[in-house]
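Data first, discussion second: the structure below is written as structure tokens.
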Amino acid sequence: MNKIRRIELRSADLGEGMLVKRALPSRHQRMVGAWCFLDHAGPVNFAPGKGMHVGAHPHTALQTFTWLIDGEVLHKDSLGNELIIRPGQVNLMTAGHGIVHTEDSVVNGGRLHAAQLWIALPEELADCEPDFVHYPELPVWHSEGIQHTLLAGAYGDLEAPTAVHSAMLGMDLFSEQGGTVNLSLNPDFEYGFLPLTGQVNVQGETYTPDEFAYLEPGLNKLEMTLGTDSRVLLLGGLPFDAPVQMWWNFVGHSKEAIAQAQREWEQGGPRFGDVKDEISRTGVAARLTAPALPWK
Ligand code: MN
């Protein structure tokens, strides 16, 4: 039986005191398939006047994948998209050559529970045109007291509508009363799972929302027992050719690609557009400042 590796999450600050738990990348595991970033936000009840407000920041060579479980978040980007994502929905933003976006709680003092993921684009698509798609509905089915939502990839006869570019899987499992499911896995895939609420028992061990579990390729089945009011995010994929480089909000297939993106962001060049902001004096959202590169 494959050994499951437990990876402790670390805390990260998105700004304005908005704390999240980061599962990927970790020094113990950088990616799961093409999934290269996983933040767990909430569940949180914001104090009056507080909410999530992430200012204008760029991305490159990745797709941001937002899975919203509770709350409402306004997405705005440099392509002119502006919409509210609601529970059960996915936003998939392809950065490619470059895109900028903002994310804001629709109301302050509300609730938020979300998984924020990034998918590394394969090298031949890393520089593609940016794109944004909102998916209001995903395949959902119920068995063994567990609600399954297919977020990405294929499972059995079902295929998620989300346009991804690597062989991969994303699935949300939720149970109110608790239940056991025997999942079919692809033995060529590596997998990871993250409890989002409650607890899950796998191979006789219990996992809670503070830990991410990593499974090497080679498994074709996985039995999972969810406790009451438990939710688990399952990720999988063909191991990526080589781990991508990551710095701040940039992904790249070389350090030079990231350094170049950072230079162009700092210079305010045309590569990265602007996000409209009617309230701001300039008419566009102020750009966040990138931290200095960690390499010379
Ligand atoms: Mn972002």
**OP:** Take Phe132 and His75 through the test ring-ring contact (aromatic ring centres under 6.0 Å, His included) and record every step on the way to the result.
**Re:** CA-CA 10 Å; Phe132 173 85; His75 161 92; 4.0 Å; yes
Original post:
Going through the distances and angles, do Met31 and Val244 end up as a side-chain contact (heavy atoms from CB on, under 4.5 Å)?
Top reply: CA-CA 9 Å; Met31 301 174 74; Val244 287; 4.1 Å; yes
Subject >> Check against side-chain contact (heavy atoms from CB on, under 4.5 Å), Leu151 and Leu233 >> reply: CA-CA 10 Å; Leu151 302 174; Leu233 180 66; 3.6 Å; yes
Original post:
Where do Lys21 and Asp39 land on the salt bridge (charged side-chain N to carboxylate O under 4.0 Å, His left out) test, with the steps shown first?
Top reply: CA-CA 6 Å; Lys21 284 179 175 164; Asp39 268 359; over 6 Å; no
Original post:
Can Tyr155 and Met171 be said to form a side-chain contact (heavy atoms from CB on, under 4.5 Å), step by step?
Top reply: CA-CA 9 Å; Tyr155 188 81; Met171 192 189 291; 3.5 Å; yes
Subject >> Pair Ile69-Leu196, side-chain contact (heavy atoms from CB on, under 4.5 Å): steps then yes or no >> reply: CA-CA 10 Å; Ile69 298 157; Leu196 299 175; 3.6 Å; yes
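Minimum interatomic distance between Ala285 and Asp277 (heavy atoms only, all atoms of both residues): N-CB, 3.6 Å. Minimum interatomic distance between Gly273 and Ser78 (heavy atoms only, all atoms of both residues): C-CB, 3.7 Å. Between Leu226 and Leu173, the shortest heavy-atom distance links the atoms CD2-O, 3.7 Å. Ala261 and Thr60 get closest at one heavy-atom pair: CB-CG2, 3.9 Å. Minimum interatomic distance between Phe37 and Pro25 (heavy atoms only, all atoms of both residues): CD1-CD, 4.0 Å. Of all heavy-atom pairs between Trp118 and His59, the closest is CZ2-CE1, 3.5 Å.
Using cut-offs of 30° and 60° on the angle between ring planes, the pair Phe272 and Phe250 is tilted. In this pair, Tyr191 and Phe189 present their aromatic rings tilted. The plane angle is within the 30 to 60° band.
Partner Ile4 forms a side chain to side chain contact (heavy atoms under 4.5 Å, CB included) with one of Glu216, Gln203, Glu205 and no other, that one being Gln203. The residue from Thr149, Leu150, Asp172 that alone fulfils the side chain to side chain contact (heavy atoms under 4.5 Å, CB included) condition with Val140 is Thr149.
Although no hydrogens or angles enter the test, the distance criterion places no donor-acceptor pair under 3.5 Å between the side chain of Thr102 and the main chain of Ala56. Remark: the backbone N or O of Ile146 is not paired with any side-chain donor or acceptor of Glu144 at under 3.5 angstrom. Checking side-chain atoms of Trp67 against main-chain N and O of Pro87 turns up no donor-acceptor pair under 3.5 Å. Under a 3.5 Å cut-off, the side chain of Ser105 and the backbone N or O of Gly110 do not form any donor-acceptor pair. Remark: the backbone N or O of Leu38 is not paired with any side-chain donor or acceptor of His40 at under 3.5 angstrom. A donor-acceptor pair under 3.5 Å is formed between the side chain of Ser175 and the backbone N or O of Gly145. One N or O on the side chain of Arg5 and one on the backbone of His28 form a donor-acceptor pair closer than 3.5 Å. Judged by distance alone, with hydrogens and angles left aside, the side-chain atoms of Glu190 form no donor-acceptor pair with the main-chain N or O of Pro217 at under 3.5 Å. Judged by distance alone, the side chain of Gln29 and the main-chain N or O of Ser26 form no donor-acceptor pair under 3.5 Å. Between the Gln262 side chain and the Pro291 main chain, a donor and an acceptor come within less than 3.5 Å of each other.
Under the rule for a side-chain contact (heavy atoms from CB on, under 4.5 Å), Ala286 has no partner lying at least two apart in sequence or in another chain.
Atom CD of Glu266 has more than 12 heavy atoms from other residues, nucleotides or ligands within 6.0 Å. Few gaps surround CG on Asn108; more than 12 heavy atoms of other groups in view lie less than 6.0 Å from it. Residue-environment remark: CD (Glu137) stays at or below the threshold of 12 foreign heavy atoms within 6.0 Å. Open room surrounds CD on Glu176; 12 or fewer heavy atoms of other groups in view lie less than 6.0 Å from it. More than 12 heavy atoms of other residues, nucleotides or ligands shown are found within 6.0 angstrom of CD on Glu256.
Cluster membership check: Val20 does not share its hydrophobic cluster with Leu9, using side-chain heavy-atom separations under 4.5 Å among Ile, Leu, Val, Met, Phe, Trp and Tyr. By the criterion of side-chain heavy atoms lying less than 4.5 angstrom apart, applied directly or through intervening Ile, Leu, Val, Met, Phe, Trp or Tyr residues, Val73 is not grouped with Val275; the two fall into different hydrophobic clusters.
Rounding to the nearest 0.5 Å places CZ of Phe212 at 12.5 Å from CZ of Arg10. Rounded to the nearest 0.5 angstrom, Thr282 OG1 and Lys276 NZ are separated by 13.0 Å. Atom CG of Asp127 and atom NE2 of His253 lie 10.0 Å apart (nearest 0.5 Å). Atoms OG and CD, on Ser254 and Gln245 in that order, are 7.5 Å from each other to the nearest 0.5 Å. Rounded to the nearest 0.5 angstrom, Ile7 CD1 and Arg22 CZ are separated by 14.5 Å. The CD1 atom of Ile99 sits 8.0 Å away from atom OG1 of Thr94, with the distance rounded to the nearest 0.5 Å.
Counting heavy atoms from C-beta outward, Leu235 and Leu169 have side chains that stay 4.5 Å or more apart. The closest side-chain heavy-atom distance from Gln89 to His134 is below 4.5 Å.
The side-chain tip of Arg271 does not point at the ring of Trp265 from less than 6.0 angstrom away and within 45° of straight on. Remark: Arg6 qualifies as a cation-pi partner of Tyr207 under the 6.0 Å distance and 45° angle criteria applied to the six-membered ring.
A salt bridge links Arg287 with Asp274: the closest approach of a Lys/Arg side-chain nitrogen to an acidic carboxylate oxygen falls below 4.0 angstrom.
Ring pair His142/His148: centre-to-centre distance not below 6.0 Å.
In this model, no donor atom of one side chain and acceptor atom of the other lie less than 3.5 Å apart for Gln199 and Ser230. Looking at Gln260 and Arg263, their side chains do bring a donor and an acceptor atom within 3.5 Å of each other.
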